[in-house]
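As a basis for the values below, the full set of heavy atoms in this structure was taken, side chains included, without hydrogen atoms, waters or symmetry mates.
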Amino acid sequence: MSILKVSRMGHPVLRKKVKPVPPADITSGPIQRLIDDMMHTMLEYNGVGLAAPQVHEELRLFVAHVVGERDEDEPEGANEDAPRKPQLMAVINPEITPVGRHVEEDWEGCLSIPDLRGLVPRHRDIKVKAYDRTGKPVDISASGFMARVIQHETDHLNGVLFLDRMKSLESLSFIEEYARYHAERD
Ligand code: NI
């Protein structure tokens, strides 16, 4: 596996609306290798999501490393409060539909916009139609942070960066100042 070079803001690839992956190609060697390399790259740089244009690939796919929703088929009452392990997922050709009208603001950063954080409004609840890395169509329901990551990464496939979504640039902060003045302390 390789660590790929991450494109930074200003590179035209980040401003393109990129093409779907033909579903028949999902299980091909080059796409599977790209997914593995993107996961490796995301983890190397401590990202929670990474979209293909961020590694100079003009394809509608992203990887994410987030704690998913509780499985429907998980037994009732089993380990309700146990911390859940983040899942590595690949999401291909995502189509997002907001569920309800609840929009909330929270902090985001981006590997293509290093060292900055800003408050971004996102739909709290979404449904996503996509393909997984085995080429199977999947329906994903997501809320909160996972929904935020999916919206941020899907924006990358349409040439949109989180700065474009901010209602105002007032909250825009360098990481050091974010940690000092804005990060929630437990
Ligand atoms: Ni990003």
Side-chain angles (χ1 to χ4, degrees), residues 1-9 13-14 18 21 26-27 30-57 59-72 74 79 81-96 104-120 122-158 160-163 165 175 178-179 183-184 186:
M1 278 196 281
S2 315
I3 293 169
L4 305 172
K5 183 171 184 195
V6 175
S7 56
R8 304 209 307 173
M9 183 165 60
V13 73
L14 291 172
V18 296
V21 182
I26 293 172
T27 53
I31 296 291
Q32 292 293 312
R33 204 168 315 125
L34 174 63
I35 290 169
D36 286 338
D37 288 347
M38 285 174 63
M39 286 179 169
H40 199 51
T41 304
M42 170 179 67
L43 296 174
E44 171 70 17
Y45 295 113
N46 296 313
V48 291
L50 184 70
Q54 294 184 274
V55 293
H56 309 86
E57 291 288 343
L59 292 169
R60 300 187 78 77
L61 95 87
F62 67 83
V63 295
H65 191 223
V66 287
V67 174
E69 304 294 290
R70 210 161 274 280
D71 263 345
E72 304 269 304
E74 232 170 291
N79 275 333
D81 300 317
R84 310 204 64 195
K85 271 223 215 117
Q87 282 181 319
L88 265 177
M89 57 198 269
V91 179
I92 299 148
N93 301 345
E95 283 175 44
I96 295 179
E104 55 192 17
E105 282 203 316
D106 210 339
W107 293 93
E108 292 187 17
C110 181
L111 293 177
S112 295
I113 311 173
D115 300 332
L116 289 176
R117 292 284 182 275
L119 279 175
V120 185
R122 299 284 185 190
H123 295 287
R124 188 188 59 188
D125 307 296
I126 58 170
K127 280 190 184 303
V128 188
K129 279 194 173 299
Y131 291 89
D132 69 12
R133 71 177 297 169
T134 70
K136 198 178 75 172
V138 286
D139 289 289
I140 305 166
S141 291
S143 295
F145 185 66
M146 183 174 176
R148 176 170 297 278
V149 171
I150 292 173
Q151 288 168 87
H152 176 121
E153 298 311 327
T154 301
D155 269 355
H156 275 302
L157 310 180
N158 296 318
V160 174
L161 299 175
F162 83 80
L163 296 177
R165 296 284 189 194
I175 285 187
Y178 161 79
E184 282 174 41
D186 294 321

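- Closest approach of I96 and T154 over heavy atoms only: CD1-OG1, 3.5 Å.
- Remark: the backbone N or O of F145 is not paired with any side-chain donor or acceptor of R124 at under 3.5 angstrom.
- In this structure, the side chains of Q151 and H123 come closer than 4.5 Å at one or more pairs of heavy atoms.
- For residues 130-145, the set of pairs meeting the salt bridge (charged side-chain N to carboxylate O under 4.0 Å, His left out) definition, not counting sequence neighbours, comprises D36-R133, K129-D139.
- Partners of Y178 according to the ring pair (Phe, Tyr, Trp, His ring centres under 6.0 Å) rule, which considers only residues two or more places apart in sequence or in another chain, are W107.
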Query - Worked verdict on R33 versus S2 for side-chain contact (heavy atoms from CB on, under 4.5 Å) - result: CA-CA 9 Å; R33 204 168 315 125; S2 315; over 6 Å; no

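- The two atoms that bring K127 and S141 nearest to each other are NZ-OG, 3.3 Å, heavy atoms only.
- Rounding to the nearest 0.5 Å gives a distance of 4.5 Å between NE2 of H65 and CG of L88.
- Inter-residue side-chain proximity for L61 and M38 is flagged as met; some heavy-atom pair is nearer than 4.5 Å.
- Pairing each heavy atom of M146 with each of V67, the nearest pair is SD-O, 3.9 Å.
- The shortest side-chain heavy-atom distance between M42 and V48 does not fall under the 4.5 Å cut-off.
- Within the structure, every pair that satisfies the side-chain hydrogen bond (donor to acceptor under 3.5 Å, both in side chains) test and touches residues 43-56, not counting sequence neighbours, is listed here: Q54-S112.
- Side-chain contact between P114 and R8 is present, with heavy atoms from C-beta onward closer than 4.5 Å.
- When every heavy atom of E153 is checked against every heavy atom of A51, the shortest pair comes out as OE1-N, 3.3 Å.
- Contact between I3 and H40 at its shortest, heavy atoms only, is CG1-CD2, 3.6 Å.
- Formation of a donor-acceptor pair under 3.5 Å by the R60 side chain with backbone atoms of V18 is found in this model.
- Within the 4.5 Å cutoff, no side-chain heavy atoms of V63 are placed close to those of M89.
- To the nearest 0.5 Å, atoms CD1 (I113) and CD (E108) are separated by 9.5 Å.
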Requested in this report: List the steps, then state whether side-chain contact (heavy atoms from CB on, under 4.5 Å) holds for R165 with R122.
Outcome: CA-CA 9 Å; R165 296 284 189 194; R122 299 284 185 190; 3.9 Å; yes

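- What you find for L14 and S7 is that their closest heavy atoms are CD2-OG, 3.4 Å.
- Proximity of V120 to R148: side-chain heavy atoms (C-beta onward) are separated by under 4.5 Å at one or more points.
- Remark: side-chain polar atoms of D37 are not paired, donor with acceptor, to backbone N or O of M1 under 3.5 angstrom.
- Considering only heavy atoms from C-beta on, L34 comes within 4.5 Å of E57 through its side chain.
- Results of the side chain to side chain contact (heavy atoms under 4.5 Å, CB included) test with F62 over I150, L50, I92 single out I150 as the only residue that passes.
- When side chains are defined from C-beta on, L157 counts as touching P94, because their heavy atoms get closer than 4.5 Å.
- Atom OG1 of T41 is separated from atom CG of L4 by 3.5 Å, given to the nearest 0.5 angstrom.
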